[in-house]
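If you're wondering where the values come from, they're calculated on a predicted model, not measured in any experiment. Every chain is numbered from 1 and lettered A, B, ... according to where its sequence line falls, protein lines coming before strand lines.
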There are 2 protein chains.
Amino acid sequence: MPTETFRNLPESKRLQIEHAAITEFAAKPLQSASVNAIVSQAGIAKGSFYQYFENIADLHSHILTIVSKKKLEVINSLPLDNANLDTFRYLRRVLQAAVEFQIRYPELASIERFERFYSDQPGSIDPETGERVGGDRRFHAFLTQGILHDDIATWVDVDMAAFMLGIVEGGIAPYLAERLGERASQIAAGELSIVDDSPIQDLFDNLMDILEAGLARDPQIRKDFYSK
Amino acid sequence: MPTETFRNLPESKRLQIEHAAITEFAAKPLQSASVNAIVSQAGIAKGSFYQYFENIADLHSHILTIVSKKKLEVINSLPLDNANLDTFRYLRRVLQAAVEFQIRYPELASIERFERFYSDQPGSIDPETGERVGGDRRFHAFLTQGILHDDIATWVDVDMAAFMLGIVEGGIAPYLAERLGERASQIAAGELSIVDDSPIQDLFDNLMDILEAGLARDPQIRKDFYSK
DNA sequence: GGTCGATGTGACCGTTTGGTCAGGTATTCT
DNA sequence: AGAATACCTGACCAAACGGTCACATCGACC
């Protein structure tokens with residue numbers, strides 16, 4: 001945790017340091033990040049750095065809280081078209097939020113991607129709860145709910161599908177952002193909202209249809225197998 | 001490219017060096033990998049290292065060729081149940097190969113994952129061809145063929161679906177390997193083949209059904225939209 | 001045995017790393 | 001004015017880094 005000295009810093013200086021750190025952590029994972037690069041970019045002495053943070057991992061975890069705060073902000077900024085979203089509308093919202101986040105804060109999205117990648121690497125088990133860690137726990141609950149609501153097919157292996165949605169959520173955002181091209185800059189500039197633009201929504205429609213209805217033209221679901 | 005000196009090395013020594021390098025590159029990306037760690041693990045002098053390789057990137061690219069060679073080996077080791085696989089059988093084969101590779105050569109799979117992650121990071125555009133790089137080009141052709149064969153729905157956005165399959169292929173293997181638990185060790189030991197074990201195939205059935213038929217219990221495909 | 005080219009070696013180099021710390025400065029309180 | 005407190009600073013440190021090179025060792029051929 002950052003020291004109180006850091007918390008008491010004038011905002012401009014604090015932002016300067018955080019900005020330098022974000023730039024560094026967006027380019028390199030924690031393992032390869034350099035204190036020297038950060039302090040020189042932020043324009044502070046190295047001694048000051050160690051008055052603010054215990055070490056570079058300390059700063060990194062501080063930046064991670066900023067990342068999740070900003071991400072939550074983006075999620076909540078998306079309009080709720082219904083008080084009660086059905087299952088797939090909710091999923092669409094989650095995916096839209098990921099893309100919006102990627103476009104508005106590409107550096108923060110990069111940091112998040114590094115973090116996901118490296119925390120998924122080892123056993124990928126939460127040492128406290130013993131459960132799988134990461135976004136798929138959220139999707140697990142989501143799918144279970146969906147089955148209860150008769151939205152999700154009962155034969156779906158919830159655990160596997162949750163994992164799949166997790167990696168799709170984490171991976172599709174940079175692709176979609178790139179694909180949006182010029183439009184992405186408009187969204188980043190606030191001139192356009194992701195939910196208002198019909199070409200963007202067409203893309204999401206297609207993505208959601210793939211998730212809902214699959215790729216096959218004429219799916220041969222082996223109902224017999226699953227009903228036994 | 002490794003020097004001729006390296007190519008002329010007695011096999012045991014060459015393997016020793018490659019093994020040390022594989023261990024290092026499976027744990028850290030190229031950026032963070034250390035020459036010192038490799039030479040000390042391989043039991044050679046640092047001077048020797050620089051007689052074999054120009055630098056660490058040179059060794060890394062050499063290891064990458066081993067990775068893809070071994071991966072190809074795994075792919076070809078899977079039995080061809082049909083000379084002409086239909087679209088989804090082919091896809092199943094690709095995914096099975098990814099899992100088999102993950103189980104038999106977890107270190108090589110880790111190296112591959114690092115490589116995919118870092119080469120996807122920047123623009124993710126091949127500077128020579130101008131096309132998207134990575135496994136999704138293969139899936140692009142695969143989906144196009146599938147549409148021609150009436151296996152894949154015509155409304156599917158081929159480019160996006162190809163990207164999605166790419167990230168699923170890259171991400172699902174560690175999950176499935178972990179989920180197979182004890183069985184995975186048997187496969188790694190060669191006591192069991194991935195295609196012969198019915199619990200494993202059940203998992204693949206479910207995965208393929210999700211890809212083919214989607215998650216929804218009663219998909220509401222907007223045919224009107226796509227036909228216009 | 002002697003020569004010669006190929007290969008192996010680790011001390012050594014300059015640079016960069018994370019981290020420390022004695023000392024300077026700025027502000028506030030008495 | 002003087003003391004106290006908080007903060008800032010960059011020279012400095014040991015360790016690790018990638019990379020070099022003079023020299024040792026080896027095997028093959030004459």
Side-chain angles (χ1 to χ4, degrees), chain A residues 1-66 111 114-115 118-119, chain B residues 1-65 111 114-115 118:
Chain A
M1 241 184 36
T3 64
E4 199 175 331
T5 308
F6 179 71
R7 277 188 298 257
N8 292 340
L9 240 41
E11 199 190 13
S12 71
K13 189 167 189 177
R14 221 190 52 230
L15 290 178
Q16 215 175 16
I17 295 169
E18 288 172 351
H19 179 252
I22 286 170
T23 303
E24 178 76 1
F25 290 134
K28 302 172 186 172
L30 172 56
Q31 219 180 358
S32 313
S34 151
V35 173
N36 290 332
I38 293 171
V39 297
S40 85
Q41 229 261 306
I44 61 170
K46 191 140 55 138
S48 300
F49 181 94
Y50 285 98
Q51 277 195 340
Y52 304 147
F53 310 102
E54 205 177 306
N55 49 42
I56 201 172
D58 187 17
L59 168 58
H60 186 252
S61 78
H62 170 65
I63 297 295
L64 283 185
T65 70
I66 294 182
I111 294 173
F114 272 124
E115 188 54 21
Y118 280 93
S119 63
Chain B
M1 240 183 35
T3 63
E4 199 175 329
T5 308
F6 179 71
R7 276 189 299 257
N8 292 339
L9 241 40
E11 199 190 12
S12 71
K13 189 167 187 177
R14 222 191 49 230
L15 291 179
Q16 216 175 15
I17 295 170
E18 288 172 350
H19 178 252
I22 286 169
T23 303
E24 178 75 1
F25 290 134
K28 301 172 188 173
L30 171 57
Q31 219 181 358
S32 315
S34 150
V35 174
N36 290 330
I38 293 171
V39 297
S40 85
Q41 229 260 304
I44 62 170
K46 192 142 52 141
S48 300
F49 181 94
Y50 285 98
Q51 278 196 339
Y52 304 148
F53 310 102
E54 206 179 307
N55 49 42
I56 202 173
D58 188 16
L59 168 57
H60 186 253
S61 78
H62 171 65
I63 297 295
L64 283 185
T65 70
I111 294 173
F114 271 123
E115 188 55 20
Y118 279 92

Q. Which of the following nucleotides, C:dG8, C:dT9, C:dG18, is nearest to the side chain of A:Tyr50?
A. C:dG18
Q) Base, sugar-phosphate, or nothing: which does B:Ala57 touch, judged by heavy atoms less than 4.0 Å apart? A) nothing
Q) Does the side chain of B:Thr3 come within less than 4.5 Å of B:Glu54's, by heavy atoms? A) no
Q) From the list D:dG19, C:dG19, C:dT7, which nucleotide is the closest neighbour of the side chain of B:Asn55? A) D:dG19
Q: Rounded to the nearest angstrom, tell me the gap between atom CG in B:Leu30 and atom P in D:dC17.
A: 15 Å
Q: Return the value, rounded to whole Å, for the distance between atom CD of A:Gln31 and atom P of D:dA16.
A: 16 Å
Q: Under 4.0 Å between any heavy atoms, over every strand shown, what does A:Ala37 touch: base, sugar-phosphate, or nothing? Just pick one.
A: nothing
Q: Just do the ring pair (Phe, Tyr, Trp, His ring centres under 6.0 Å) check on A:Phe114 and A:Phe25 with the steps written out, would you?
A: CA-CA 9 Å; A:Phe114 272 124; A:Phe25 290 134; 9.4 Å; no
Q: Figure out the NZ/C1' separation between A:Lys46 and C:dT20, and round it to whole Å.
A: 10 Å
Q: Using whole Å, report how far CG of B:Leu59 lies from P of D:dG19.
A: 12 Å
(Q) At 4.0 Å (heavy atoms only), tell me whether B:Phe6 reaches a base, stays on the sugar-phosphate, or touches nothing. (A) nothing
Q. Rounded to whole angstroms, how far apart are OH on A:Tyr52 and P on D:dA6?
A. 15 Å
Q: Return no unless some side-chain N or O of B:Asn36 is found under 4.0 Å from OP1 or OP2 of D:dG18.
A: yes
Q: Rounded off to whole Å, could you give me the CD1-to-C1' distance for the B:Ile44 and D:dG18 pair?
A: 14 Å
Q) Can any side-chain N or O of A:Asp58 pair as donor or acceptor with the backbone N or O of A:Met1 at less than 3.5 Å? A) yes
Q. Does atom CD of A:Gln31 have more than 12 heavy-atom neighbours, drawn from other residues, nucleotides or ligands, at distances under 6.0 Å?
A. yes
**Q.** Interatomic distance, B:Asn8 CG vs D:dA28 C1' [rounded to whole Å]
**A.** 15 Å
Q) What's the closest nucleotide to the A:Ser34 side chain, out of C:dT17, C:dG8, C:dT7? A) C:dT17
Q. With no hydrogens and no angle check, do the side chains of B:Glu18 and B:His62 hold a donor and an acceptor under 3.5 Å apart?
A. yes
Q: In whole angstrom, give the distance that lies between atom CD1 of A:Ile56 and atom C1' of C:dT16.
A: 14 Å
**Q.** Below 4.0 Å: OP1/OP2 of D:dC7 and any side-chain N or O of A:Ser48
**A.** no
Q | Candidates D:dC7, D:dG10, C:dT9 - which lies nearest the side chain of A:Ala45 | A | D:dG10
